[in-house]
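Below you'll find the structure, written out as structure tokens, and then a few comments.
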Amino acid sequence: FLSIGFSTTDLPRFLIGNITLFYFSLNKSIIPCYQIIKGLVCSDKEVVSTLKHYKWSCSSRRLINHSVRNVGALRQLGVPQRSVSLLVTNHPGATFMKHSRFVEALEKVKEMGFDPLKSNFVMALKLFATINEATWKSKLEVLGRWGFSRDICLLAFKKQPQFMMSSEKKIMKMLNFLVKDMSLPPEDIARCPEILGCNLEKTVIPRFAVVKNLKSRGLIKSDLKTSSFIKISEKMFLERYVTRFQRNEPLLLDAYRGQK
């Protein structure tokens, strides 16, 4: 493990979390698994990332064998290696799942019109490989209660598939704030679906408080897009919407921090 790039600090933690590996044969199981994974990604660094993101069990070797056919199906569709590596290294559970189930998820993603050349294709695939049809429909129903039509739901999903991984409770809480308190129409939220995956208390509420304050004083455009202040780092947000206005609004930073 050290020879392929595990650090001396990460390796003990990895082995403690995967005691089953001690029952595997180095030559008959561990090395063949490494060779299979190496054939799916570009480097030992990516192999290490894959190993870290997967909980190993006695059935792992059998499941890894499915990955060759699964990744082969992606490559046949023209999915670029960077997207394959993204799926394998960050979501090995989806990559190693039974081929029949993988193909089912793949067909759903294709039917929805995702572009295989974009990374969102494998992110959508990961979602459908993880949740069942009942869970998918339930989340669509939750969105529907807040005025999201099926077309708007799919628009948001195509832009940011990951938001549908959020729990229904989190989605409901976020939409209660955005739709009820901030009066944002579903169409605007769908254009910036990343917001549904943000932390409500630590990110969304404080940023909306600052932007609302600046808008009320005419310091920024009243039609400022939500994505302009949500899809940026905290450092950039502070520079754009807090620090630059502190001369006129000295309490703006306190107001921002007070909301967190």
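What you see below is based on every heavy atom in this structure, not just the backbone, and it leaves out hydrogens, waters and symmetry mates. The model shown is predicted, which means the values in this text are computed figures rather than measured ones.
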Exercise for the section: Quick one: do Val47 and Val41 satisfy side chain to side chain contact (heavy atoms under 4.5 Å, CB included)? Show the steps, please. Expected result: CA-CA 7 Å; Val47 173; Val41 296; 3.8 Å; yes

Practice task
In sequence, state the C-alpha distance, the side-chain angles, and the governing distance for Leu106 and Leu74, and then conclude on side chain to side chain contact (heavy atoms under 4.5 Å, CB included).
Solution key: CA-CA 8 Å; Leu106 191 58; Leu74 294 178; 3.8 Å; yes

Exercise for the section: Start with the C-alpha gap between Thr135 and Asn132, add the side-chain angles, then the distance that decides, and say whether side chain to side chain donor-acceptor pair (under 3.5 Å) holds. Expected result: CA-CA 5 Å; Thr135 302; Asn132 56 36; 2.8 Å; yes

Exercise for the section: Carefully, step by step, assess Cys192 and Lys225 under the rule side chain to side chain contact (heavy atoms under 4.5 Å, CB included). Expected result: CA-CA 9 Å; Cys192 183; Lys225 293 182 179 180; over 6 Å; no

Problem - Derivation and outcome, side chain to side chain contact (heavy atoms under 4.5 Å, CB included), residues Leu196 and Leu178 - result: CA-CA 10 Å; Leu196 296 174; Leu178 296 175; 4.2 Å; yes

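Residue pairs meeting the side chain to side chain donor-acceptor pair (under 3.5 Å) criterion with at least one partner in residues 235-247, sequence neighbours excluded, are absent. A ring pair (Phe, Tyr, Trp, His ring centres under 6.0 Å) check over residues 67-86, counting only residues at least two apart or in different chains, returns nothing. Counting only residues at least two apart or in different chains, salt bridge (Lys or Arg N to Asp or Glu O under 4.0 Å) contacts with residues 143-152 are absent. Identified under the ring pair (Phe, Tyr, Trp, His ring centres under 6.0 Å) test for residues 204-227, with sequence neighbours left out: Phe177-Phe208, Phe208-Phe229. Sorted by first and then second residue, the pairs that involve residues 99-121 and meet ring pair (Phe, Tyr, Trp, His ring centres under 6.0 Å), not counting sequence neighbours, are Phe114-Phe157. Under the salt bridge (Lys or Arg N to Asp or Glu O under 4.0 Å) criterion, the residue pairs touching residues 107-131 are Glu107-Lys110, Lys108-Glu133, with sequence neighbours excluded. Legend: salt bridge (Lys or Arg N to Asp or Glu O under 4.0 Å) pairs involving residues 181-190, not counting sequence neighbours, sorted by first then second residue: Asp188-Arg191. Counting only residues at least two apart or on different chains, the side chain to side chain donor-acceptor pair (under 3.5 Å) pairs with a member in residues 83-94 are Glu46-Ser85, Gln81-Ser85.
Heavy-atom contacts from other residues, nucleotides or ligands closer than 6.0 Å to CZ of Arg101 number more than 12.
Listed by chain and residue number, nothing satisfies the side-chain hydrogen bond (donor to acceptor under 3.5 Å, both in side chains) test with Lys45 (two or more places apart in sequence, or in another chain). Here Tyr34 pairs with nothing under the ring-ring contact (aromatic ring centres under 6.0 Å, His included) rule; sequence neighbours left out. Take Arg13 and apply the side-chain hydrogen bond (donor to acceptor under 3.5 Å, both in side chains) test, not counting sequence neighbours, and it matches Asp10.
Annotation for Met165 and Thr130: closest pair CE-CG2, 3.9 Å, computed over non-hydrogen atoms. Scanning both residues, Pro116 and Pro80, for their nearest heavy atoms gives O-CD, 3.3 Å. Contact between Lys170 and Gly197 at its shortest, heavy atoms only, is NZ-O, 3.1 Å. For the pair Ile152 and Ala190, the tightest heavy-atom approach, listed with the atom from each and the gap, is CG2-CB, 3.5 Å. What you find for Lys215 and Ser222 is that their closest heavy atoms are NZ-O, 3.3 Å. Counting all heavy atoms, side chain and backbone alike, His53 lies closest to Ser49 at ND1-O, 2.8 Å.
Leu251 and Ile220 are assigned to two separate hydrophobic clusters, defined by single-linkage of ILVMFWY side chains at heavy-atom distances under 4.5 Å. Val48 and Leu2 fall within a single hydrophobic cluster, where Ile, Leu, Val, Met, Phe, Trp and Tyr are joined by side-chain heavy atoms under 4.5 Å apart, directly or via other members. Residue Ile19 is grouped with residue Leu51 when hydrophobic side chains (ILVMFWY) are merged at heavy-atom distances under 4.5 angstrom, including chains of intermediate members. Residues Leu40 and Val103 do not share a hydrophobic cluster, defined by chaining ILVMFWY side chains whose heavy atoms lie under 4.5 Å apart. A single hydrophobic cluster is not seen to contain both Val109 and Leu117; linkage of ILVMFWY side chains at heavy-atom distances under 4.5 Å, directly or through other members, places them apart.
Evaluated for a side-chain contact (heavy atoms from CB on, under 4.5 Å) with Val211, the options Ile230, Leu219, Leu224 yield exactly one hit, Leu224.
Side-chain atoms of Ile171 and Trp146, non-hydrogen and from C-beta on, never get closer than 4.5 Å to each other. Taking the side chain as every heavy atom from C-beta outward, Val122 and Val84 never approach each other to under 4.5 Å. Taking 4.5 Å as the limit, some side-chain heavy atom of Phe148 sits within range of a side-chain heavy atom of Ile189. Here the side chains of Leu253 and Arg257 are in contact, with some heavy-atom distance below 4.5 Å. Within the 4.5 Å cutoff, side-chain heavy atoms of Phe22 are placed close to those of Leu15.
Atoms NZ and CG, on Lys202 and Leu200 in that order, are 12.0 Å from each other to the nearest 0.5 Å. Here CE of Met123 is found 8.5 Å from CG of Leu125. Values are rounded to the nearest 0.5 Å. Atom CG of Leu184 sits about 5.0 Å away from atom OG1 of Thr226, to the nearest 0.5 Å. Rounding to the nearest 0.5 Å gives a distance of 8.0 Å between CD1 of Ile30 and SG of Cys33. Interatomic distance, CG of Leu87 versus OG of Ser119, reported as 11.0 Å (0.5 Å rounding). The CD1 atom of Ile36 lies 12.5 Å from the OG1 atom of Thr50; values are rounded to the nearest 0.5 Å.
Looking only at distances, no side-chain donor or acceptor of Lys52 sits under 3.5 Å from a matching main-chain atom of Phe14. Lys158 places a side-chain N or O within 3.5 Å of a backbone atom of Met112 that can act as its donor or acceptor partner. Within the 3.5 Å criterion, the main-chain N or O of Glu201 finds a donor-acceptor partner in the side chain of Asn199. Distance alone, capped at 3.5 Å, places no donor-acceptor pair between the Asn70 side chain and the Phe96 backbone.
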Identify each donor-acceptor pair in which a side-chain atom of residues 136-143 lies under 3.5 Å from a protein atom, sequence neighbours left out, and give them as a table.
| residue | atom | partner | partner atom | Å |
| --- | --- | --- | --- | --- |
| Ser138 | OG | Glu168 | OE1 | 3.3 |
| Ser138 | OG | Glu168 | OE2 | 2.4 |
| Lys139 | NZ | Met164 | O | 2.5 |
| Lys139 | NZ | Ser166 | O | 2.8 |

